[in-house]
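These notes concern the structure reproduced below.
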Protein chains: 2
Amino acid sequence: MAARPLLTELADYRPLQAFATQLQATSIEALFAADPARAGDFTLAAAGLRLDFSKHLLSRPALAGLLRLAEQARLPAAITALFDGDKVNNTEDRPALHTLLRATSSHGLDTEFDEVRKGRAQMRQWAQRLNNGEQSGFSGAVITDVVNIGIGGSDLGPRLVSEALRPFHGDISCHYVANVDPADLQDTLLELDPGSTLFIVCSKSFRTEETLTNSLAARNWMLNAGASVADLDRHFLAVTSNLQAAADFGIPAANCLPMWDWVGGRYSVWSAVGLSCAIAVGWEHFEQFLAGAEAMDEHFHGCPLQANMPALMGLLELWYCNFLGAGNHVVLPYDHSLRKLPDFLQQLTMESNGKRVSRDGRQLAYSTAPVLWGSAGTIGQHSFHQLLHQGTLLCPADFVLPLTTHTGMPEQHRRLVANGLAQSRTLMVGRSADAAREALLQRGLDEAEATRLAPHLAMPGNRPSSVLTMDSVNPSTLGALLALYEHRTFCSGVLWGINSFDQWGVELGKEIGTRILAQLAGESAGGDMDPATRRLMDEWRAAQG
Amino acid sequence: MAARPLLTELADYRPLQAFATQLQATSIEALFAADPARAGDFTLAAAGLRLDFSKHLLSRPALAGLLRLAEQARLPAAITALFDGDKVNNTEDRPALHTLLRATSSHGLDTEFDEVRKGRAQMRQWAQRLNNGEQSGFSGAVITDVVNIGIGGSDLGPRLVSEALRPFHGDISCHYVANVDPADLQDTLLELDPGSTLFIVCSKSFRTEETLTNSLAARNWMLNAGASVADLDRHFLAVTSNLQAAADFGIPAANCLPMWDWVGGRYSVWSAVGLSCAIAVGWEHFEQFLAGAEAMDEHFHGCPLQANMPALMGLLELWYCNFLGAGNHVVLPYDHSLRKLPDFLQQLTMESNGKRVSRDGRQLAYSTAPVLWGSAGTIGQHSFHQLLHQGTLLCPADFVLPLTTHTGMPEQHRRLVANGLAQSRTLMVGRSADAAREALLQRGLDEAEATRLAPHLAMPGNRPSSVLTMDSVNPSTLGALLALYEHRTFCSGVLWGINSFDQWGVELGKEIGTRILAQLAGESAGGDMDPATRRLMDEWRAAQG
């Protein structure tokens, strides 16, 4: 991609600042009063998902300005570049081909697509083999449990997908271990039998500290249970591009599935990194998951900006972060199965766009990625929603709201939906001090007490939210949902002028961690550390008793 | 408590603004260079916890100013009022007596303490009965599984404590169900046998929508499995103040444990709301948990501000939110067992202090509670730490770092500690563009490429964090840790001039939810809703097929 102007240099940046100032003096309810048609017009549909973005502090002219801004930032060209396999990851000189992982045709990238297809065939083979009960362990028992060992992109995606699609699970149970804290692996293994357990080690380099450490501990667990080194190939698969390191560990090439440099970890659940999911739900359902994502890809690739769901969501993110001063974004899945969605999105958005320089290395003078947080509704209603309604911060919200349940308990599920819709509405309408006072009088409080308490019950309202609905959570809509947020993240990155596909910021901490580890182990002195770190290392030594 | 002046009216507010401006022009590393003794001096110890707050953008004069500010805000008198049982919850005309729940003496509150002791005796009795295998279900089988049904304060606290103290668990497994989404209960019950399962229904009013709905579903599950209505008292306990509603449900008074108006839900894990924890870890460990909290209470109550750990942490929160512009606070427990700590703290801090009016109803013109978020280290390092290191937002961090492990794998645990210390240090020191360029040259890159990439590897540093250590996670240190954050939250609330013990902001959403539910059920028309909500209700109806 050619160098692009920065956000603040775009022609519509200043006019949008003026719109923002105007809109801060009005209310979303007033926008509805003046233009009731926005309820229908501020909606989009794609790939089984429907976005209602009508309850935003956004007018039609401001929306038009944002769309012009996206043109000025050359977003359409950037989308084309992404799908064409251009080296959009310019600092690592690579394309970002996660869309190819769910594609059914090559998009002109024949070499890579050929590898993708071979990888898919391997995944299918392993998933079917395990689901058919054809894989047995060292004792002859059939494999019944799969433990995915990975961290970050090799964990959060598969964990979310596996959990979200629980109603589609077959007989094999999948477990996830990520943390280098030995308690994570230990807690998981407590419930498992070595003879019927298979590990999938996910690490592109096969050198990730947490993953390698846990894999070695898992290997010892297996050997201590009576497996021989020769048996390990019955119990370990690897998803990696470092076949030699896997072989040294005891995993032969036949047990290795591929990862490629042109897929970032946080975009990799569609590859063999998602093998545990394919095993959990079966290959057909995994293909539906890929197909849902591909449908969103086609929408994103082909649809004009004004009807393009990821682009619109990216523009909304920009609107709140750069024009209205929000430093956070809250995602509220009203579905128990999607409770890990915020964790997944934290990595996707904050690792992709938590950057402070442009693609060409210029320091940015404006905000980039906000803190993304959230939890499942209605859990959050009894926790942090107090702050959403009456706090002093602007917290733009996404309600993710499946409209039916797989549980066979539609009446109880209706309560969930009613709560989700009510929270979105309540954020917008709020309650005036007069209305609060009236409500208190109706409860039988006297005038003085009602007047005293009314300010505490009053709520400012005018707090924005999107509502993202789907008929149900299934492999296809889940695929579309994750692809939607991937592309939204890409759009925001393009608008901010940054490379969303690198993560240089995590390197230094690893280097310093290695040095501190050597010092704690007594292998080197601590003279190169600051006084606080030295003192804390002493404290650690004292505690080892 | 008497009316207090607001934050911005305090004498030291403006001088602190000047300090903040000065400090923004310097760096934490420069503060260390000028004053290496801060590594030791900016530390505090209490109740088995140690706080290192040396890596903050805070000088000794600014700290002194903050301490004066706390005096001016009458924080010492507020602390006294809290422990004296004054009606610190002024909008509900109640004291907040959570400290009494872990007290070993009455503090002059004889009536309430008498009730606390009776409640404790009941908890002990039930915990011992269950742990001794003396409670059997309708089929004669001994109870082996306990399911806590509650939400918010009746869920997040017990869930955290139970999970954190897993190494202390006995034979009974505890499970937690909160969400009104029927999948939450259904997923949990899948693994359980009705004959050996006991439910604890936690709801002060016995009217909480989610809890009552789930409890009725659990009741049906039990009856469908062959229990009679008369058998229900073998399978259901309640923690409630509404004995009549519990009796109507089928839970006799003998199976009810108390809740009191003078304890808020988010401060209630020390009461019978924590019964599931007492069952999981046994009564003696639960008493140690209470004792750890009481030790922190004594510290908080008796210690001068300059050495008072909760007060210092409250002042740090204020410093970043109100003087340095942070809108969020990230909590990073470097311990797998504490991975739910951020969830718990979200409710504690954001429900307590997500307010926009003062205790006497004046609108506040300054920020109150930030968004609290986080996850277990090292998980976050492979997810959102990119933003912490290179993003554009100020994210003050708390590292919570136990120094030993219960797993018997100290070498692996050492890696966890090294990573935690390294992240805290890295946030402070960062890496200059020159140092980044040098590092790239050493990797063998040519001059041009090193120059191009250096800005992407550069990290500004100067990002603040606390490190909170303890020798290990055990009942006592866990009690101290939760009490610490409770009191920190109270201190911040006092400094902001708000009542941390009410939550009026959650009421309106419930009212609107009830109306929407009736409309979805076809029991009333939707004319009183906004156009967007009406359209979304239509969408829901269409999806019901």
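Every chain is numbered from 1 and lettered A, B, ... according to where its sequence line falls, protein lines coming before strand lines.
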Indicate yes or no: does [X] engage [Y] in a salt bridge with an N to O separation below 4.0 Å.
X: B:D52; Y: B:R50; value: no
X: A:E507; Y: A:K510; value: no
X: B:D502; Y: B:K355; value: yes
X: B:R415; Y: A:D181; value: no
X: B:R431; Y: A:E511; value: yes
X: B:R535; Y: B:D530; value: no

Proximity breakdown for [X] and chain B, heavy-atom pairs closer than 4.5 Å:
X: A:Q186; value: side chain
X: A:V180; value: both
X: A:W540; value: both
X: A:Y366; value: backbone
X: A:N353; value: neither
X: A:S472; value: neither
X: A:M470; value: neither
X: A:S358; value: backbone
X: A:S54; value: side chain
X: A:L517; value: both
X: A:A326; value: neither
X: A:R534; value: neither

Test side chain to side chain contact (heavy atoms under 4.5 Å, CB included) applied to A:H382 and B:E210, step by step: CA-CA 10 Å; A:H382 294 261; B:E210 291 86 346; 3.0 Å; yes

Side chain, backbone, both or neither of [X] within contact of chain A (heavy atoms, under 4.5 Å):
X: B:V467; answer: side chain
X: B:T349; answer: neither
X: B:V330; answer: neither
X: B:F384; answer: both
X: B:A454; answer: neither
X: B:D335; answer: both
X: B:M409; answer: both
X: B:R266; answer: neither
X: B:Q423; answer: side chain
X: B:R38; answer: neither
X: B:E209; answer: side chain
X: B:T368; answer: both
X: B:T208; answer: side chain
X: B:L508; answer: both

Residue from A:T426, A:V506, A:T533, A:L216 scoring the most non-hydrogen pairs under 4.5 Å with chain B is A:T426

All heavy atoms of A:H413 vs all of A:P402, minimum pair found to be CE1-O, 3.5 Å

Could you have a look at [options] and say which one has the most heavy-atom pairs with chain A under 4.5 angstrom?
options: B:L156, B:V429, B:D187; result: B:D187
options: B:D184, B:I379, B:N328; result: B:D184
options: B:L520, B:N499, B:D471; result: B:L520
options: B:T404, B:T91, B:L421, B:N90; result: B:T91

